[in-house]
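Only this structure's heavy atoms are used, side chains among them; waters, hydrogens and symmetry mates stay out. If you read the sequence from its start, that first residue is 1, and numbering goes on from there. The model shown is predicted, which means the values in this text are computed figures rather than measured ones.
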Amino acid sequence: MLQFPAGQTLLIDADDTLWENNVYFERAIAAFISYLDHKEHSPSEVRQALNAQERETILAHGYGLTSFTRSLVATYERLSPDAATEHNIKRVRSFARSIAEQEIELLPGVEETLAELATRHRLILMTKGDQAEQADKLARSGLAQYFSSVEIVAEKDPATYREVMRRRELTLGTTWMIGNSIKSDVNPALAAGLHAVFLFHKDTWVLEHAAIDSAPQGQHLLELDSFAKLSAVF
């Protein structure tokens with residue numbers, strides 16, 4: 001017996017919910033730190049500097065690979081003991097470029113589960129990031145057929161969720177946000193009045209880490225460790 005009846009609206013995140021994403025950024029960051037090979041700052045300190053730079057860059061330029069590249073270059077220029085040369089910057093940019101060259105790797109059970117859920121519920125892809133990048137990932141994933149619509153937003157905050165609800169004429173009592181980020185997929189969705197499903201992913205981006213909020217009265221918060229388990233709930 002399913003926990004929730006047919007006719008729910010499921011807003012579903014993309015990166016690290018449907019397919020691997022952050023693991024490729026982590027590999028690029030490891031290569032960057034190794035290349036910088038700083039003699040005074042530890043790898044952990046270099047990573048903290050990059051995290052701080054990413055926060056700054058995101059505020060000015062949003063999410064996405066272009067923003068990440070800016071952060072790598074800015075961090076290199078800030079920490080390198082020698083003046084950055086064109087060769088150095090080209091090498092740093094190559095670490096970010098390697099991410100764009102990755103094939104889409106679906107997480108276990110994703111396609112089969114989406115195909116099943118789409119027979120009972122309305123599925124909407126809701127992801128944040130660069131419009132062109134996210135649309136390209138979706139096209140290459142082969143999953144677009146399962147979604148009735150797509151929302152690629154600049155940020156996932158309560159106001160954005162409320163705007164999507166209004167524009168798509170969704171009902172709070174039957175709408176869920178499903179994703180791996182507590183910071184973006186769970187807490188702001190709960191704050192906007194939606195139900196939420198937290199899907200644990202071991203490689204969730206450090207800037208998306210947060211303490212999980214409790215579900216307000218009348219709302220549901222589920223925690224699952226695999227996408228496939230959604231079939232037993234919905």
Side-chain angles (χ1 to χ4, degrees), residues 2-19 21 55 58-64 67 110 113-139 141 143-199 201 204-205 207-224 227 230-231 233-234:
L2 299 176
Q3 292 186 32
F4 299 95
Q8 309 288 311
T9 297
L10 309 181
L11 307 176
I12 302 178
D13 176 51
D15 293 338
D16 293 318
T17 294
L18 300 178
W19 51 70
N21 181 66
R55 291 186 180 96
I58 287 167
L59 289 175
H61 302 285
Y63 297 92
S67 182
V110 161
T113 304
L114 285 177
E116 182 180 351
L117 293 176
T119 66
R120 297 192 291 267
H121 308 287
R122 178 184 182 185
L123 309 186
I124 298 176
L125 185 79
M126 184 167 174
T127 184
K128 69 180 182 182
D130 179 84
Q131 188 82 24
E133 283 180 27
Q134 296 302 89
D136 177 65
K137 288 181 188 178
L138 178 60
S141 74
L143 302 178
Q145 61 184 310
Y146 303 115
F147 295 97
S148 64
S149 54
V150 176
E151 293 284 345
I152 301 174
V153 298
E155 187 59 87
K156 286 178 174 175
D157 53 25
T160 301
Y161 283 108
R162 293 188 188 102
E163 169 58 21
V164 170
M165 293 286 294
R166 183 197 63 76
R167 185 156 32 80
R168 298 289 179 185
E169 299 182 333
L170 306 181
T171 303
L172 283 177
T174 56
T175 301
W176 300 71
M177 181 63 212
I178 300 170
N180 69 294
S181 171
I182 294 174
K183 178 177 178 290
S184 295
D185 300 321
V186 176
N187 291 348
L190 291 174
L194 286 69
H195 307 302
V197 179
F198 171 51
L199 288 178
H201 189 292
T204 294
W205 186 24
L207 297 192
E208 292 293 328
H209 291 184
I212 196 165
D213 292 341
S214 299
Q217 186 173 2
Q219 292 173 242
H220 299 289
L221 170 60
L222 308 179
E223 298 185 40
L224 303 176
F227 196 89
L230 290 168
S231 293
V233 177
F234 299 104

List the steps, then state whether side chain to side chain contact (heavy atoms under 4.5 Å, CB included) holds for Asp13 with Leu18. CA-CA 7 Å; Asp13 176 51; Leu18 300 178; over 6 Å; no
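- When all heavy atoms are compared, the tightest approach of Ser67 to His61 is OG-CB, 4.4 Å.
- Remark: Leu172 pairs with Met165, Leu194 by the side chain to side chain contact (heavy atoms under 4.5 Å, CB included) rule, at least two apart or across chains.
- Rounding to the nearest 0.5 angstrom, the gap separating the CE atom in Met126 from the OG1 atom in Thr9 is 13.0 Å.
- Contact detail for Ala189 and Met177: the closest heavy-atom pair is CB-CB, 3.6 Å.
- A donor-acceptor contact closer than 3.5 angstrom links the side chains of Thr127 and Gln134.
- Taking both residues in full, the closest heavy atoms of Arg168 and Val150 are given as NH2-O, 3.7 Å, listed atom of the first, atom of the second, then distance.
- Proximity of Asn187 to Ile212: side-chain heavy atoms (C-beta onward) are separated by under 4.5 Å at one or more points.
- Here Trp176 contributes atom CH2 and Leu123 contributes atom CG; the two are 14.0 Å apart, rounded to the nearest 0.5 Å.
- In this structure, the side chains of Leu117 and Tyr146 stay at 4.5 Å or more apart for every pair of heavy atoms.
- Applying the side chain to side chain donor-acceptor pair (under 3.5 Å) rule to Thr204 yields the partners Asn180; only residues at least two apart in sequence or on another chain are considered.
- Taking CD from Glu151 and CD1 from Ile12, the interatomic distance works out to 13.5 Å, rounded to the nearest 0.5 Å.
- In this view, Val233 and Gln3, Phe4, Leu222, Leu224 satisfy the side chain to side chain contact (heavy atoms under 4.5 Å, CB included) rule, not counting sequence neighbours.
- Residue Gln145 places its CD atom among more than 12 non-hydrogen atoms of other residues, nucleotides or ligands, all under 6.0 Å distant.
- Contact check for Leu143 versus Leu125: no side-chain heavy atoms found under the 4.5 Å cut-off.
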Before giving the answer on side chain to side chain contact (heavy atoms under 4.5 Å, CB included), spell out for Thr17 and His201 the whole-Å C-alpha distance, their side-chain angles and the decisive distance to 0.1 Å. CA-CA 8 Å; Thr17 294; His201 189 292; over 6 Å; no
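- In terms of modelled atom types and a separation under 3.5 Å, the side chain of Thr160 and the main chain of Glu155 share a donor-acceptor contact.
- In this structure, OG1 in Thr175 is found 12.0 Å from OH in Tyr161, a value given to the nearest 0.5 Å.
- Pairs passing the salt bridge (charged side-chain N to carboxylate O under 4.0 Å, His left out) check and including a residue from residues 175-184, sequence neighbours excluded, do not occur.
- The CG atom of Leu138 sits 7.0 Å away from the CD1 atom of Ile152 when rounded to the nearest 0.5 Å.
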Run Phe198 and Asp185 through side chain to side chain contact (heavy atoms under 4.5 Å, CB included) and show every step you take. CA-CA 8 Å; Phe198 171 51; Asp185 300 321; over 6 Å; no
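- Between His195 and His220, the ring planes lie tilted relative to each other; the angle falls in the 30° to 60° range.
- Nearest heavy-atom pair across Ala191 and Pro158 is CB-CG, 3.9 Å.
- Pairs of residues two or more places apart, or lying in two chains, that qualify as side chain to side chain donor-acceptor pair (under 3.5 Å) and include a residue from residues 208-217 are Lys128-Glu208, Ser181-Glu208, Ser184-Glu208.
- Looking at residues two or more places apart in sequence or on another chain, you find a side chain to side chain contact (heavy atoms under 4.5 Å, CB included) between Asp130 and Ala132, Glu133.
- The two residues His121 and Gly7 come nearest to each other via the heavy atoms ND1-N, 3.5 Å.
- A distance of 9.5 Å separates CZ in Arg122 from OG1 in Thr174, rounded to the nearest 0.5 Å.
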Can Val197 and Phe234 be said to form a side chain to side chain contact (heavy atoms under 4.5 Å, CB included), step by step? CA-CA 11 Å; Val197 179; Phe234 299 104; 4.1 Å; yes
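- Between Trp205 and Asn21 the shortest side-chain heavy-atom distance does not fall below 4.5 Å.
- Side-chain atoms of Phe227 and Leu199, non-hydrogen and from C-beta on, do get closer than 4.5 Å to each other.
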